[in-house]
Peer 1: 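One structure is given below, represented as structure tokens, and several questions about it will come after.
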Amino acid sequence: MRYLIGRVCLISLIPLGFSLADAREPGGKFLEDYCLDCHDADTRKGDLRLDDLDHNYTHPETFEKWEKVLARVSAGEMPPPNRRQPTPRERGELVDLFTPMLIRADAERVAREGRVVYRRLNREEYQNTVRDLLGIDAELKDYLPEDGQAHGFDNVGKALNISSVLMERYLEAADVALDAAIARFKPPATKARRFSPLDDQRLVNNKNIFLPKKDGLVFFSSGYSPTGVRAFRAPVAGQYRFRIATTPYQADEPVTFRVYGGMVNSRDGKTELIGYYDVPPGGKHITEIEHRLPKDGSIRPVPYRTAPDIYQVKAANYKGAGLLVHWIEIEGPLDNEWPPESHTRLFGDIPLKEIELDPRQRRRRRGPPEFELVPKHPRQDAEAVIRRFVGKAFRRPITEADVQPYLALVNDRLDRGYPFVEAVRVGLKAILCAPDFIFFREQPGELDDHALAARLAYFLWSTTPDQPLWDLAAAGRLKNEGVLRGQVTRMLQDKRAGVFTRNFVGQWLDLREIEFTTPDRILYPEFDELLQVSMVRETELFFDEILRHDRSALNFLHSDFTLLNERLAEHYGVGGVRGQPFRKVSLPADSHRGGVLTHASVLKVTANGTTTSPVLRGVWVLEKIMGTPTPPPPPGVPAVEPDVRGAASIREMLAKHREDARCSVCHRQIDPAGFALENFDVIGGWQERYRSVDQGERVRKEVNGRGVRYKRGLPVSAADELADGRRFDDIDGFKKLLLDRPDQFVRALSEKLFVYATGGEMTFSDRPEVDRIVAAVKERNYGFRSLIHEVVQSKIFRRK
Amino acid sequence: MNLLNTRTLSRRTVLRGAGVAMALPLLESMVPFGVRAKDVLQGRQRMVTLCQGLGMHGPHLFPEKAGRDFESTPYLDVIKDFRDHYTIFSGTSHPEVDGGHSAEKSFLTAAPHPGSSSFKNSISLDQHAVEKLLPDTRFPYLCISAGSFGLSWTRSGVRIPADSRSSRIFAKLFIDGTKEEVKQQVRRLKDGQSIMDTVRTQAKRLERQVSGSDREKLDQYFTSVRELEQRLVKAEDWAHQPKPKVAVKQPRDVTNRADFVSKQKNHYDLVHLALKTDSTRIVTLHLGGNNLVPPVQGVSMDWHNLSHHGRDPAKIDQLKLIELEEMRLFAEFLGKLRDTKEDGSNLLDRTSVLLGSNLGNASSHNTKNLPIILAGGGFNHGQHLAFDEKDNEPLCNLFVSMLQQTGIETDRFGSSTGRLKGLT
């Protein structure tokens, strides 16, 4: 009887606190027959106890337990194979009985509170937002503490906590931002200067690696190369243009070089890679680059892959390729508008006047002239500034009550005799620390137009809504399906959508971890910086390609194309790709490449630089691709210790591990996916034999003119069997098995998109909507852009 | 008790003006009840925690024999002068902390599964001590790193950004600004207080609109704003007072990122000076670990890589050179503390120094059987406390002992099950 009632309105009628060990309760018999042997008060296998489980689904822990039970039972993972098994029908009945009840309970909670927990801007969003509000380009992110993550993303409300440390850093970051926005020193005029490396005596006198010529200096060494332009120091931080005139030397092939920017001439300064550039043989070639430099910054061009062993012969006797550098022209600052746009945006037409110095001060002073604001009516002017800023910063229409507190703060400072700009600054800083600024304002239920505009803008651009979005929201039109679709299309075409690719792919596929390990130099001598940056580029461009052309999302699993440059093509053994710019390439049938699982980027972030681990990679594939994350290992189980001496293969070591019943429950899920990738080494190269430092055959091979020191070790075997019994021989076979269940992958991908798009974790009651979306995009060949549209149009996205 | 309370609750601790009425929750923790009178009166028990991100090679560190007559090992040889001033622990770890390198997030917090995608951290040992002790020093704590990240986490699980430039830390501790700079700083601190006051009022308005888990977030905001306001009040007071003078020049920042030796040395020296001048009593120092080749004689491969030695003997030999150097720097630090006299005692006896790592076996990313050494702090040292290698003792039990030693009446922290057995 209770069973029947339970299906109707179980939540309110079932008395709380009764025990499910009672077989008469819904699901009770199933638990008793198949679960409680291990999961009772005494045994508590895996620290899970089910005998005290009740039906009070409003209790989060109870809800989670039920969710877990259903997930494991329906996936066939529980009970474990060595135990008595329920019939498929029994499993089905349990799932069918509880799913609607859990959905209902969850839906009620969501209706009450919304699925997204009150969320603040993360530091990337903060930086972009403040930059866009003020019209500046300052580095702000680094001032803020690192953000917490949930479900693999750093924009999830639940994990974005607040502390006094964060508040303190908000004050600091706001100061940095306002310093950049407020005009104080007039930047110098744009100037172009040409530098010849022949004028740098330090280079000319170094006969080991440089060769002076009539029309320039030949750079040989691609290793040590102190070639920063020392005669130039950026007078102010800003945008600069560089023109580098070069000719390949002693080469009938193109010569590649790279350029670093930043504090390249000081030992403690920050430098960054600007890019790699090819120079075709023949006449003088000019490479033109635009880049931002810090104050006092410069650039450093260095050839790539030339003359590794030049020290033994000296530059004059060297017969190999080098790069003849004729001159380097630097023009800038290019962004020296006065007063800067950021200043006008904040202060409108409040007059700006040069501070007059008496002659003695003038003699002592160096640097550019200093300016100050001289408002005619400080109070009114300050009010206008604050009003304008609050109006943009809060991402919604504002009321008088929103403005007053900040006005009061500023007026109070004016009364105390603060200089105008200092008084206004206190108000602006307060606005940038205000809850209305740092939190998203979303009310349970359907989002209003402005909240929707904000959600969309932060999804695709990680920043505050632009004017068109704002206007549509203000006009109350954004909720219209067609209008919303139009905006998504517009936003994806905008270059700001690059942030979506970088942030989403960077976290979904862990590409942000690309620098975490440096591959062992003995085992992987071919690894270099260009390979590493190319890896990430491939995956981002591949993602863009699929997104832009609405190609099937299944391309992420397997594709017959990818995007390569020469360096990566060489790494993959794909012929016919010359030069370092990326282009779309059709993959040969026998390349074993295609889909993100075969991208060197993914293969690198899932290895440790020395050895591959099927366990780590398997866990990664389950979580990122199949959407079935595994629980962490039980306490007290030692990890398999890698061994590069070449005596035992990882498969032999893991086999022991999988024999242990405690381990095998999860490892029969995890390991197969990892073994499928075992033919790819730690930098994503194809391997049929492991590389070893000790045992194995000698390898006769040269990398950059040097013999390799690693040995050819034990053979790799990638064949395995999925937990459901389907077998595969290698990565190609494994991908076929994945493609047999396209919905599973598309559902997993949709869930990742939803978490990222909304900043809220997936909940039980989202499932029907996700299923609907997966079915809808299936009709359109799983088009990825269609999937993005579906996500935005969904109830999940449009509600808190 | 009354006497103690007035001592602990200094005038700086008490909020002035409008803040007073709502500062209650913090006030409660200002009164460490039952604290041993000696410690509070002297108020000088310190705590320094050090973490090596890339572990320590166990076979070179752990003695076989347990107890007081443990045999020395290659790494312990380096600190043999301090044999009676340290205890080496084997068989300890944080129960549910796994996830390889990510375990460093939990080294001082013990929060489970730092590698999982839904990891939420909890308060770190040092911050817990700061909350309880509210030390009346210019800096409630220092969070320093020889790498990029620190070890300290707030109660809400936010990682506290670490200072990694020794020149800046030195300036913060010991260099007074000009009159004009001090004036400006005082103004900035005052403005900060007013800003916090304003935004708190704004958050009040939002309070009526939120419910459920949203309220939790808003509460976090309130607490944070209030805490910062209090801190700014304190900082303003300190800003008026001259900083202590030390007979050492401001260090230059180590520019070579690979040079962990100079980095660690600079930081150790600063920690020593900060403790000596009582500028702070709680310090966390992340000793770093990176994928660069350090300038250590005989080392040709990068550090991270060496730690993943895969049992390659050549790599283990190079790793040993690096780790011996780390031990030498640690010994030097202990020496400086020991040689600094204070009230008839010395700084080492009044500072609990924990050296450890979040990795037991770095080569396999194993987070069990952590290398742990506790020095100083007035414990009865001079032994090897060996716990079960298979069934590890919770490291938090040691943390509880450390907290108690610092004068905090508590019997739990993180995943502790009690005070550490055998350590008195």
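In this text the structure is predicted, and so the values were computed from the model without any measurement. Labels below follow one simple rule: chain letters A, B, ... track the order of the sequence lines, proteins then strands, and each chain is numbered from 1.
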Peer 1: Measure distances from Pro519(A) to the heavy atoms of chain B and classify the residue's part below 4.5 Å as side chain, backbone, both or neither.
Peer 2: backbone

Peer 1: Under a 4.5 Å heavy-atom cut-off, does chain B meet the side chain of Asp175(A), its backbone, both or neither?
Peer 2: side chain

Peer 1: Please classify the contact of Leu160(A) with chain B as side chain, backbone, both or neither, using a heavy-atom distance under 4.5 Å.
Peer 2: backbone

Peer 1: Is it the backbone or the side chain of Arg257(B) that comes under 4.5 Å from a heavy atom of chain A, or both, or neither?
Peer 2: neither

Peer 1: Quick one: what part of Val210(B) sits under 4.5 Å from any heavy atom of chain A, side chain, backbone, both or neither?
Peer 2: side chain

Peer 1: Could you list which of residues 161-170 of chain A have a heavy atom closer than 4.5 Å to any heavy atom of chain B, in residue-number order?
Peer 2: Asn161(A), Ile162(A), Ser163(A), Ser164(A), Val165(A), Met167(A), Glu168(A), Arg169(A)

Peer 1: For the residue pair Ser415(B) and Glu96(B), confirm or rule out a side-chain donor-acceptor distance under 3.5 Å.
Peer 2: no

Peer 1: Looking at Gln209(B), I'd like to know if its CD atom is crowded, meaning that more than 12 non-hydrogen atoms belonging to other residues, nucleotides or ligands lie closer than 6.0 Å.
Peer 2: yes

Peer 1: Establish, yes or no, whether the cationic atom of Lys604(A) lies under 6.0 Å from the six-membered ring centre of Phe516(A) and within 45° of the ring axis.
Peer 2: no

Peer 1: What part of Phe119(B) gets within 4.5 angstrom of chain A, counting heavy atoms only: side chain, backbone, both, or neither?
Peer 2: backbone

Peer 1: Quick one: what part of Phe439(A) sits under 4.5 Å from any heavy atom of chain B, side chain, backbone, both or neither?
Peer 2: side chain

Peer 1: For the residue pair Thr367(B) / Asp98(B), report whether a side-chain donor-acceptor contact shorter than 3.5 Å exists.
Peer 2: no

Peer 1: Side chain, backbone, both or neither: which part of Ser613(A) has a non-hydrogen atom closer than 4.5 Å to chain B?
Peer 2: neither

Peer 1: For a salt bridge (Lys or Arg N to Asp or Glu O under 4.0 Å) with Asp214(B), tell me which candidate from Arg120(A), Lys800(A), Lys158(A) qualifies.
Peer 2: Lys800(A)

Peer 1: Who wins among Asn369(B), Val97(B), Asn290(B), Leu228(B) for the most heavy-atom pairs under 4.5 Å with chain A?
Peer 2: Leu228(B)

Peer 1: Heavy atoms only, distances under 4.5 angstrom: which of Ile431(A), Asp402(A), Ile522(A) has the most pairs with chain B? Name it, please.
Peer 2: Asp402(A)

Peer 1: Measure distances from Val619(A) to the heavy atoms of chain B and classify the residue's part below 4.5 Å as side chain, backbone, both or neither.
Peer 2: neither

Peer 1: What part of Ser93(B) is in contact with chain A, defined as an atom under 4.5 angstrom from a non-hydrogen atom: side chain, backbone, both or neither?
Peer 2: neither

Peer 1: Which region of Arg155(B), side chain (C-beta onward) or backbone (N, CA, C, O), has a non-hydrogen atom less than 4.5 Å from a non-hydrogen atom of chain A, or is it both or neither?
Peer 2: neither

Peer 1: Checking Thr109(B) now: which residues fulfil side chain to side chain donor-acceptor pair (under 3.5 Å) with it, not counting sequence neighbours?
Peer 2: Asn121(B)

Peer 1: Can you say whether Glu422(A) sits under 4.5 Å from chain B via the side chain, the backbone, both, or neither, judging by heavy atoms?
Peer 2: side chain

Peer 1: May I ask you to say whether Lys172(B) pairs ionically with Asp163(B), meaning some side-chain N is under 4.0 Å from a carboxylate O?
Peer 2: yes

Peer 1: Hey, is Arg413(A) close enough to Asp191(B) for a salt bridge, meaning N to O under 4.0 Å?
Peer 2: yes

Peer 1: Using non-hydrogen atoms only, which part of Lys217(B) is less than 4.5 Å away from chain A: side chain, backbone, both, or neither?
Peer 2: both

Peer 1: Do Asp520(A) and Lys315(B) sit within salt-bridge range, that is, some charged N less than 4.0 Å from a carboxylate O?
Peer 2: yes

Peer 1: For Ala401(A), is it the side chain, the backbone, both, or neither that has a heavy atom closer than 4.5 Å to a heavy atom of chain B?
Peer 2: both

Peer 1: Answer with yes or no whether the side chains of Asp197(B) and Ser194(B) bring together a donor and an acceptor at under 3.5 Å.
Peer 2: no

Peer 1: Assess whether side chain to side chain contact (heavy atoms under 4.5 Å, CB included) is satisfied between Thr606(A) and Leu616(A), documenting all intermediate values.
Peer 2: CA-CA 6 Å; Thr606(A) 54; Leu616(A) 292 184; 5.8 Å; no

Peer 1: Of the backbone (N, CA, C, O) and the side chain (C-beta and beyond), which part of Thr154(B) lies under 4.5 Å from a heavy atom of chain A, both, or neither?
Peer 2: side chain

Peer 1: Under a 4.0 Å threshold between the charged nitrogen and the carboxylate oxygen, would Asp436(A) count as salt-bridged to Arg205(B)?
Peer 2: no

Peer 1: With sequence neighbours left out, what residues match Asp126(B) under side chain to side chain donor-acceptor pair (under 3.5 Å)?
Peer 2: Ser124(B), Ser152(B)

Peer 1: With a 4.0 Å cut-off on N to O distance, would you call Arg215(B) and Asp219(B) a salt bridge?
Peer 2: no

Peer 1: If you count heavy-atom pairs under 4.5 Å between each of Arg187(B), His113(B), Met301(B) and chain A, which one has the most?
Peer 2: Arg187(B)

Peer 1: Between Arg231(B) and chain A, which part of the residue has a heavy atom less than 4.5 Å away: side chain, backbone, both or neither?
Peer 2: side chain

Peer 1: Could you tell me which portion of Phe437(A) (side chain, backbone, both or neither) has an atom closer than 4.5 angstrom to a non-hydrogen atom of chain B?
Peer 2: neither

Peer 1: Taking side chain to side chain contact (heavy atoms under 4.5 Å, CB included) as the definition, give me every residue that meets it alongside Pro405(A), ordered by chain and number, with sequence neighbours left out.
Peer 2: Thr198(B), Gln202(B)

Peer 1: Is it the case that over 12 heavy atoms from other parts of the model lie below 6.0 angstrom from the CD atom of Glu216(B)?
Peer 2: no

